[in-house]
Amino acid sequence: MRVVVLLGAPGAGKGTQAPLLADRLGIPVVATGDLFRAAVRDHTPLGTQAKRYMDAGQLVPDEITIGLLLDRLGQPDAAGGAILDGFPRTGVQAQALDAVLAERDSSVAVAVLVDVPAEELVRRLSGRWICRAAGHPYHEISSPPRVTGRCDIDGSELYQRPDDQPETIHARMAQQLGALDEVIAHYREAHLLRTVDGLQPIDIVSSAVAAAVDAAGVGR
Ligand code: AMP
């Protein structure tokens with residue numbers, strides 16, 4: 001099982017890079033934020049539990065999040081591995097992932113940090129619009145859609161996530177950046193961390209992410 005962890009703060013560009021890497025490696029993207037948004041949309045009990053944390057810009061508690069991730073990794077399309085986007089987000093989640101992979105005689109192959117300074121993250125999140133159908137991301141200044149309010153890829157409506165409102169962005173940053181540091185330290189200690197400069201243009205970031213993954217020996 002090839003497991004690649006994509007790390008970065010909200011707005012660092014993980015959601016843009018993950019599908020590019022998935023195409024390259026032939027394994028699915030597993031994004032816990034997308035799984036939670038789908039559960040909220042479908043009004044599942046898990047979605048109801050998660051929604052109040054998400055709307056407040058807080059992390060969903062570890063026990064809920066870890067259960068959700070493990071269920072998803074158990075599905076057949078993830079048998080060969082996955083690119084994890086938005087998980088782990090805490091040290092406890094990182095340890096739980098190591099433990100479950102060890103049971104399968106596997107381990108995280110590499111953790112790639114897409115590094116972007118905090119001021120730039122706030123700028124990016126406050127201009128972010130995503131599509132209803134698939135979460136394709138746009139930015140009102142740096143990457144606007146061809147037709148205002150419509151996704152270039154699937155034509156669905158664009159909307160601003162409730163947790164991308166300015167007040168919520170600051171709450172997310174305050175809680176999530178501290179937790180991200182724990183996760184970065186976890187992979188640095190395991191000698192699995194590679195850092196990519198996330199301020200570069202999207203195609204340069206994706207080449208750098210691909211090079212980091214290649215260097216770790218993760219092939220198709
Ligand atoms: P994202 O789309 O990755 O920014 O995630 C949206 C929201 O879902 C986050 O602000 C959290 O409330 C929740 N979430 C996603 N992934 C996790 C995680 N690994 N741990 C805790 N909460 C998460």
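Whatever order the structure lists ligands and atoms in, that order sets their numbers, starting from 1.
With sequence neighbours left out, the side-chain hydrogen bond (donor to acceptor under 3.5 Å, both in side chains) criterion links Ser206 to no other residue. In this structure Asp163 satisfies the side-chain hydrogen bond (donor to acceptor under 3.5 Å, both in side chains) test together with Arg161, sequence neighbours excluded. Judged as a side-chain hydrogen bond (donor to acceptor under 3.5 Å, both in side chains), and not counting sequence neighbours, the contacts of Asp98 are His186.
At a threshold of 4.0 Å, the pair Glu120-Arg124 counts as salt-bridged, since one of the basic side-chain nitrogens sits closer than that to a carboxylate oxygen. Salt bridge status for Asp62 with Arg89: absent, with no side-chain N to carboxylate O gap under 4.0 Å.
By the 4.5 Å heavy-atom criterion applied to side chains, Phe87 and Thr65 are counted as neighbours.
Sorted by chain and number, the residues within 4.0 Å of ligand 1 by heavy atom are Thr32, Gly33, Phe36, Arg37, Met54, Gln58, Leu59, Val60, Thr65, Gly86, Phe87, Arg89, Gln93, Arg161, Asp163, Arg172, Gln176.
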